[in-house]
Amino acid sequence: CCSKQIRIMRVRPFSFLEEVDDAVAFPTLSGNVEDYWLVSNGITLSGGDVSTWDGVLGNKTFLASTEKGGWISSSNADFNNEDTITFDGNRGIGYIDTNIGGTDTGEVCMALYGAPHPSAGGWGTIHGLTGLGGSPYNFVEAVERGVNLTEHYLYKYPSGASINSSDLTYGKGLYTLSSSSGTGAEFYNKGTTINASSTYTNYYTTRQQFSIAAYNPINSASLMGIVDVAGYCIWVNPTNIAADITALDTYFSSIYG
């Protein structure tokens, strides 16, 4: 029969103590926010594994991969004793959408607040706008990934090119990707400096597929390490992406340390 569905709701023992993430206002960004995610909000478990993760605004929902969707690391000491979702090489979440940011134009930005799990020693694929491994590829891929525990890449398609990051360090922070017309794909590693970028001439937004901790939103694969994820945000068409990254990093770090 079906696995029991459990909705996570954390309650403080005293009414005057509210959730820390409820007390911190989400920042105003220069672009339009599609949705943002906090592990304290919208998690559904099935058999102890994350099956869905609803955005705080209620616009988007990540679904578990065909394997599993990660597990909750309760009161994670590395994240200010807040809960995180932990993924390994057999787990991931994602969702499929279309035309976010406009039809064949605009810019889509994706930011993940997370860190390698302490036992991992490094990580592999983290997040991005990804493919299903079939054709035609009617969108442009922008994926932050690693092929081993030390090499950090921006992967983009068309051309299937991997561009080395100028910063291979790992640690807790905000990892940001953008995919846009004209500019191409850009990867910011724990800050506002572009660590890897690539241009392309064609830009397609049909069947956009967002993925966390897996190479695509359907099948978990290619993770070299174990990843703790605390929060996520997708926003589009920013006028000041550096300021947005700073604001998001400040927001997530105020909750998760």
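Note that this is a predicted model, so its numbers are computed, not measured.
By the criterion of side-chain heavy atoms lying less than 4.5 angstrom apart, applied directly or through intervening Ile, Leu, Val, Met, Phe, Trp or Tyr residues, I72 is not grouped with I226; the two fall into different hydrophobic clusters.
Of the possible donor and acceptor atoms, none in the side chain of T105 sits under 3.5 Å from a partner among the backbone N and O of G102. Without hydrogens or angle criteria, S46 side chain to D49 main chain gives no donor-acceptor distance under 3.5 Å. Although no hydrogens or angles enter the test, the distance criterion places a donor-acceptor pair under 3.5 Å between the side chain of N237 and the main chain of G101. At distances below 3.5 Å, at least one donor-acceptor pair connects side-chain atoms of S30 with backbone N or O atoms of T239. The backbone N or O of S179 sits nowhere less than 3.5 Å from a side-chain atom of T183 that would complete a donor-acceptor pair.
Between I85 atom CD1 and I212 atom CD1 the span is 7.0 Å, to the nearest 0.5 Å. To the nearest 0.5 Å, atoms CG (D97) and CZ (R207) are separated by 13.0 Å. S165 OG to R145 CZ: the interatomic distance, rounded to the nearest 0.5 Å, is 14.0 Å. Here L177 contributes atom CG and Y155 contributes atom OH; the two are 13.5 Å apart, rounded to the nearest 0.5 Å. F62 contributes atom CZ, which lies 9.0 Å from atom CG of D35 (distance to the nearest 0.5 angstrom). Here the CG-CG distance, from D54 to N41, works out to 7.0 Å after rounding to the nearest 0.5 Å.
Side-chain atoms of K156 and S162 form no donor-acceptor pair, as typed in the model, at a separation below 3.5 Å. Using modelled atom types and a 3.5 Å distance limit, the side chains of T86 and S73 yield a donor-acceptor pair. Between the side chains of T52 and Y95, no donor-acceptor pair of N or O atoms lies under 3.5 Å. Side-chain contact of H127 with Y232: a donor-acceptor pair under 3.5 Å is present, judged by distance alone. A side-chain N or O of T205 and one of N99 form a donor-acceptor pair less than 3.5 Å apart. For the residue pair D244 / W235, a side-chain donor-acceptor distance below 3.5 Å is found, with atom types taken as modelled.
Side-chain atoms of V236 and E34, non-hydrogen and from C-beta on, do get closer than 4.5 Å to each other. Looking at heavy atoms from C-beta onward, C233 lies in side-chain contact with L29 at the 4.5 angstrom threshold. Counting heavy atoms from C-beta outward, W53 and T44 have side chains that stay 4.5 Å or more apart. The shortest side-chain heavy-atom distance between S198 and F187 does not fall under the 4.5 Å cut-off.
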### side chain to side chain contact (heavy atoms under 4.5 Å, CB included) between V108 and F210, worked out
CA-CA 11 Å; V108 178; F210 300 86; 3.8 Å; yes
#### Entry: Pair N76-N81, side chain to side chain contact (heavy atoms under 4.5 Å, CB included): steps then yes or no
CA-CA 5 Å; N76 191 329; N81 293 315; over 6 Å; no
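Both the sub-6.0 Å distance and the 45° axial angle are satisfied by K172 relative to the ring of F79.
Within the 6.0 Å centre-distance limit, the rings of Y175 and W123 are counted as a close aromatic pair. Two rings, from H117 and F87, have their centers 6.0 Å or more apart.
A 6.0 Å sphere centred on CG of N32 holds no more than 12 heavy atoms belonging to other residues, nucleotides or ligands.
For the pair S254 and V24, the tightest heavy-atom approach, listed with the atom from each and the gap, is OG-CG1, 3.3 Å.
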